[in-house]
Number of protein chains: 2
Amino acid sequence: MASSIAITNRSLHDQVASRVRDLIIEGILEPGSRIDEGHLIEELGVSRTPFREALRTLAAEGLVIVRPSKGSIVRQLTPDDVFSMLEVLAHLERLAGELACERASDEEIDELVRLHERMMECYRTRDRMPYYKLNQEFHSRLAELSKNGTLQEMQANIQARLKRIRYIGNQKPDSWAGAVADHEQMVRALKDRDGQQLGEAMASHLKKTWERVKDSI
Amino acid sequence: MASSIAITNRSLHDQVASRVRDLIIEGILEPGSRIDEGHLIEELGVSRTPFREALRTLAAEGLVIVRPSKGSIVRQLTPDDVFSMLEVLAHLERLAGELACERASDEEIDELVRLHERMMECYRTRDRMPYYKLNQEFHSRLAELSKNGTLQEMQANIQARLKRIRYIGNQKPDSWAGAVADHEQMVRALKDRDGQQLGEAMASHLKKTWERVKDSI
DNA sequence: TACTTTTAGTGTGTATACAAAATACATGAA
DNA sequence: TTCATGTATTTTGTATACACACTAAAAGTA
């Protein structure tokens, strides 16, 4: 019920922003390619006003680049961009981990542990897609447990920008076991409320992400 | 010359966004107050389309909140908001400091030292406003020296959100000497390329900011 | 009096029309 | 052929008009 209210409550430009965001993440709108306003508004069945407002939002989020009088393009991430994002993300998640160890309740940690166990189940059965989704949720939830709204927001923003890259990097199966080992370490640290160790696990986790991803940018 | 090109190159909604941003920072548009579209577009001499696009940008930046069908309001920061921003900012600037120590050239550090000396001159002559501006620049420049674009962007975003609060906190003269001492320590650490010490100085600097500011939110 | 319900009025959301800029193309000169 | 210049077409930027949703005040009912 609440969700139907939320949907009708959302203005058209918000809905358009979400849909275009998805098109970018799924790679249907390719990085570096021009965003054809006329074509897309027809596709989406909206007029230019809400579409352009959505574009401004996406530009502020760093997903598209608006070049005045020259149209908008899907932001193409350079290896440097991705490296800098992962560097910041690692540092933010380190902080998130430390704060979560201080501030999260036992129930909240339990819940996260259960989420982790569901991930492990997916790993055992090699269900890549559900694992991928649970993983995203794990990191978001951990950021929530930091009880720091700004941290959550910044983390979500970087995650959104990286989503497409992660999606591609995920095709490579090699280091899945390594990622799982990192997560095991995280959960152990979380149970012990050892912020230091949790932070280190998260940072090392993102270093591996870089190794996995860097050649496919 | 370059700047005049930049100005003409900027689309109207960008200009509007800048102007409204200034109105918010200067407190002419008060936090929590409704943004009267009709009134402001007349004031600024633009039509609703670019104005609303600007509003979407500012919303994505976290300066205004758009409530569907209910108009936009200037975001009102709670003490929790400000604390969470400073907590993240401290952590980001710590990283910036560490990276700057690794990656900045001697010339770049020299330049920053000179900027610092100009600040000290303003402190001696008690020129609060120029000091304030140089201080902003000091922190931005330091973020640049991290050679991490994402870090710069995130730092700039938080700085923008806090600008108004900082502006108010700046009225209180008491802890100016303390801030200056922090900056002395930063510059020393930077000269020695001691990332650890620089990071700690920046973090402690922001803790003091919180102490100064927390009662005036 | 208190509580709905109605109804004007204001302000927001979206569509469209027009203006301005940029791109693509064709024509002609070197 | 190549380059320049002018024109046509496309695309973007801005203004405005209309429709709809919310707000609040007035009228009606218990």
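Below, read A as the first sequence line, B as the second, and so on, with proteins coming before strands; counting in each chain starts at 1. Quick note: numbers below take in every heavy atom, side chains included, and nothing from hydrogens, waters or symmetry partners.
Scanning for side chain to side chain donor-acceptor pair (under 3.5 Å) contacts around A/T150 gives B/S84, with sequence neighbours left out. In terms of the salt bridge (charged side-chain N to carboxylate O under 4.0 Å, His left out) criterion, residue partners of A/K208 (sequence neighbours excluded) are, by chain and number, A/D182.
Residue B/L145 holds its CG atom at 7.5 Å from OG of B/S105, rounded to the nearest 0.5 Å.
Checked by atom type, the side-chain pair A/E144/A/Q152 shows no donor-acceptor distance below 3.5 Å. B/T125 and B/D127 are linked by a side-chain donor-acceptor pair at a separation below 3.5 angstrom, with hydrogens and angles left out of the test.
Between B/R67 and the phosphate of C/dG11, there is no side-chain N or O to OP1/OP2 separation shorter than 4.0 Å.
Here D/dT10 presents its P atom at 16 Å from NE2 of A/H39, a figure rounded to the nearest Å. Distance, B/F51 CZ to C/dG11 P: 13 Å, rounded to whole Å. Rounded to an integer number of Å, the gap from A/D36 CG to D/dT10 C1' is 10 Å. If you measure from atom CG of B/L55 to atom P of C/dG11, you get 15 Å, rounded to the nearest angstrom. The CZ-P distance, from A/R34 to C/dA22, rounds to 13 Å in whole Å. Computed from coordinates, the B/I73 CD1 to C/dG11 P distance equals 17 Å when rounded to whole Å. B/K70 places its NZ atom 14 Å from the C1' atom of D/dA24, with the value rounded to the nearest Å.
Here the closest heavy-atom approach between residue A/E108 and residue A/R103 is recorded as OE1-O, 4.5 Å.
The residue among B/E37 and A/S69 whose nearest nucleotide of DNA chain C is located toward the 5' end is B/E37.
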Show me the protein contacts with nucleotides 14-18 of chain C, counting only N or O atoms at under 3.5 Å.
from: C/dT14; atom 1: OP1; to: A/L12; atom 2: N; distance (Å): 2.9
from: C/dA15; atom 1: OP2; to: A/S47; atom 2: N; distance (Å): 2.8
from: C/dA15; atom 1: OP2; to: A/S47; atom 2: OG; distance (Å): 2.6
from: C/dA15; atom 1: O5'; to: A/S47; atom 2: OG; distance (Å): 3.3
from: C/dA15; atom 1: N7; to: A/T49; atom 2: OG1; distance (Å): 2.8
from: C/dA15; atom 1: N6; to: A/T49; atom 2: OG1; distance (Å): 3.4
from: C/dT16; atom 1: O4; to: A/T49; atom 2: OG1; distance (Å): 3.3

